[in-house]
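Because only heavy atoms are used, hydrogens play no part in the values below, and waters and symmetry mates are left out as well, while side chains stay in. This is a predicted model, so every value here is computed, not measured.
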Amino acid sequence: MDHCHTSDLISLEQALEKMLSQLSPLQQTESIALTAAAGRITAAPVISPIDVPPFANSAMDGYAVRLADLQANTPLPVAGKAFAGAPFNGEWPANSCIRIMTGAPIPAGTEAVIMQEQAEVSEAGVRFTVEVQTGQNIRLAGEDIRQGAEVLPAGVRLGAAQLPLLASLGVADVQVMRKLKVAVFSTGDELQPVGQPLQAGQIYDTNRFAVRLMLEQLGCETLDLGIIRDDQHALRAAFEQADSQADVVISSGGVSVGEADYTKQMLDELGEVSFWKLAIKPGKPFAFGKLKHAWFCGLPGNPVSAALTFYQLVQPLLAKLAGHSDWHLPPRLKARTLTPLKKAPGRLDFQRGVFTSNAQGELEVSTTGHQGSHIFSSFSQGNCFIVLERERGFVAAGEMVEVEPFNALLRN
């Protein structure tokens, strides 16, 4: 039972604090075309080169008027028309109005725009049926964004919410952080690459495949060194190559007690790496530290444990290194469990679940089933982690639990 030997386990929060406190974002930046900037992180605040809107324009389809022309409360003839892209540039006689469409530039002298629903049109002209306020229905130049204003801060990931905004400002190039370079390899004689036939006693190397997919989603450049056999010279060569070429080195396997001896000895020679036993389930064995040049994360060999530790620990590490200052995991929510949840006290448990909203709008969650650290299907079936507190035990159906929705890395 885990709870008998918990004094040497460190919490997820302690591990994250130990890791993130040592890191600083990369310093190298580059300027790239806006059309190639999806998924990149802003390296400097983005400043608007123009006013938005760039000119005063109409917020409504209606009529541009001068207040003095309305005094007699008589119909006003229409002196011309103003359209978006085709402004009114003629003479505007006294005691007349101008037909104007939404987005059209405001003719000089306009004091208000009256919407067409508040106008009566006859052969004599247009008569208005409302009290008119100075400035009504006029969008002023720079009302949304002033020229020189900060539109986005540094540290923002550019996506569908940000890039069209920058395009609307005429921003053609943007300063971004350079991409993180991450080297990946797996260790173990029993591993076989995905797509190759399995020999007796072999299993597929799903960890490296999963990690590589997640790194691609996070916008990293990946150096895949493949499967490294259980040989000290091969392992040293892999570590040295990875360290010389990458910002971060991620391995899976070889970090749990009993199998880490020569790996630990070698890593001590190549840098400073700590082997931790985390108070989380799945995913107790984890290694973190600094090689000569690169940061190092050693993931557990079990596929679910590797995916969970990557998600909860490596993902925030990569975000900080990449300069992604507004990165965060989805907030945890309260839900009622519809199924009992097996748990022993001692470790913070991230079980995989499916949460939905019932007819009353309340959140409910069910387990995906067997939670073994080799059952990767629990991720494909689930949409959240059921996060059970470290000292909590068995959870009965009907109890309230916390759920953490998957972010885009694991979302179905």
Side-chain angles (χ1 to χ4, degrees), residues 25-67 80-89 92 97-118 132-179 218-219 319-320 322-331 407-408:
L26 296 178
Q27 296 303 304
Q28 300 93 330
T29 66
E30 57 184 330
S31 182
I32 62 171
L34 194 70
T35 50
R40 302 298 293 273
I41 310 297
T42 55
V46 182
I47 305 303
S48 177
I50 60 170
D51 281 335
V52 180
F55 49 82
N57 67 87
S58 178
M60 296 283 180
D61 291 347
Y63 299 88
V65 298
R66 294 170 296 216
L67 298 188
K81 294 180 180 177
F83 294 92
F88 173 82
N89 289 319
W92 184 1
C97 63
I98 295 168
R99 179 77 167 125
I100 193 166
M101 309 308 284
T102 302
I106 296 294
T110 302
E111 292 174 294
V113 171
I114 303 172
M115 68 173 76
Q116 60 190 16
E117 291 81 0
Q118 296 173 334
V132 180
Q133 305 292 321
T134 302
Q136 72 181 40
N137 300 323
I138 295 175
R139 301 181 186 131
L140 300 175
E143 193 173 276
D144 292 343
I145 301 170
R146 299 295 309 184
Q147 182 178 0
E150 182 179 303
V151 185
L152 292 176
V156 172
R157 190 171 193 266
L158 295 169
Q162 296 80 20
L163 290 168
L165 167 65
L166 301 188
S168 76
L169 302 175
V171 173
D173 301 285
V174 64
Q175 195 77 14
V176 295
M177 305 293 291
R178 79 156 166 82
K179 287 188 173 187
L218 294 171
K320 182 164 183 182
H324 190 179
S325 57
D326 69 341
W327 183 89
H328 50 83
L329 284 170
N407 72 1

Q.
So Val65 and Glu111, do their side chains get closer than 4.5 Å, heavy atoms only?
A. no
Q: Work out which heavy atom in Gln133 is nearest to a heavy atom in Ala112; give both atom names and the distance.
A: O-CB, 3.6 Å
**Q.** Shortest non-hydrogen contact from Arg99 toward Tyr63
**A.** CD-CE2, 3.5 Å
Q: Quick one: closest heavy-atom pair of Ile50 and Ser168, and the distance?
A: CD1-O, 4.1 Å
Q: Supply the atom-to-atom distance Thr102 OG1 to Asp61 CG, rounded to the nearest 0.5 angstrom.
A: 3.5 Å
Q. Taking all atoms of both residues into account, what is the closest heavy-atom pair of Ala64 and Pro107, and its distance?
A. CB-CD, 4.3 Å
Q | Minimum-distance pair of heavy atoms, taken over all atoms of Ile106 and Ser58 | A | CD1-N, 3.7 Å
Q: Identify the heavy atoms of Val174 and Ala37 that sit nearest to each other, and give their distance.
A: CG1-CB, 3.8 Å
Pairs of donor and acceptor atoms involving the side chains of residues 143-152, under 3.5 Å and at least two apart or interchain, shall be tabulated with distances.
| residue | atom | partner | partner atom | Å |
| --- | --- | --- | --- | --- |
| Glu143 | OE1 | Leu140 | N | 3.1 |
| Arg146 | NH1 | Ala141 | O | 3.3 |
| Gln147 | NE2 | Pro49 | O | 3.3 |

Q) Roughly how far, to the nearest 0.5 Å, is the CE atom of Met115 from the CD1 atom of Ile100? A) 14.0 Å
Q.
Restricting to salt bridge (Lys or Arg N to Asp or Glu O under 4.0 Å), what partner residues turn up for Arg157, sequence neighbours left out?
A. none
Q. Taking atom CZ of Arg40 and atom CZ of Arg178, what is their separation to the nearest 0.5 Å?
A. 10.0 Å
Q | Spacing of CG belonging to Leu26 relative to CE belonging to Met177, to within rounding of 0.5 Å | A | 5.5 Å
Q. Got a second to check how far Thr42's OG1 is from Leu166's CG, nearest 0.5 Å?
A. 9.0 Å
Q | More than 12 heavy atoms of other groups within 6.0 Å of Gln27 CD | A | no
Q: Would you give the length of the straight line joining atom CG of Leu67 to atom OG1 of Thr110, rounded to the nearest 0.5 angstrom?
A: 10.5 Å
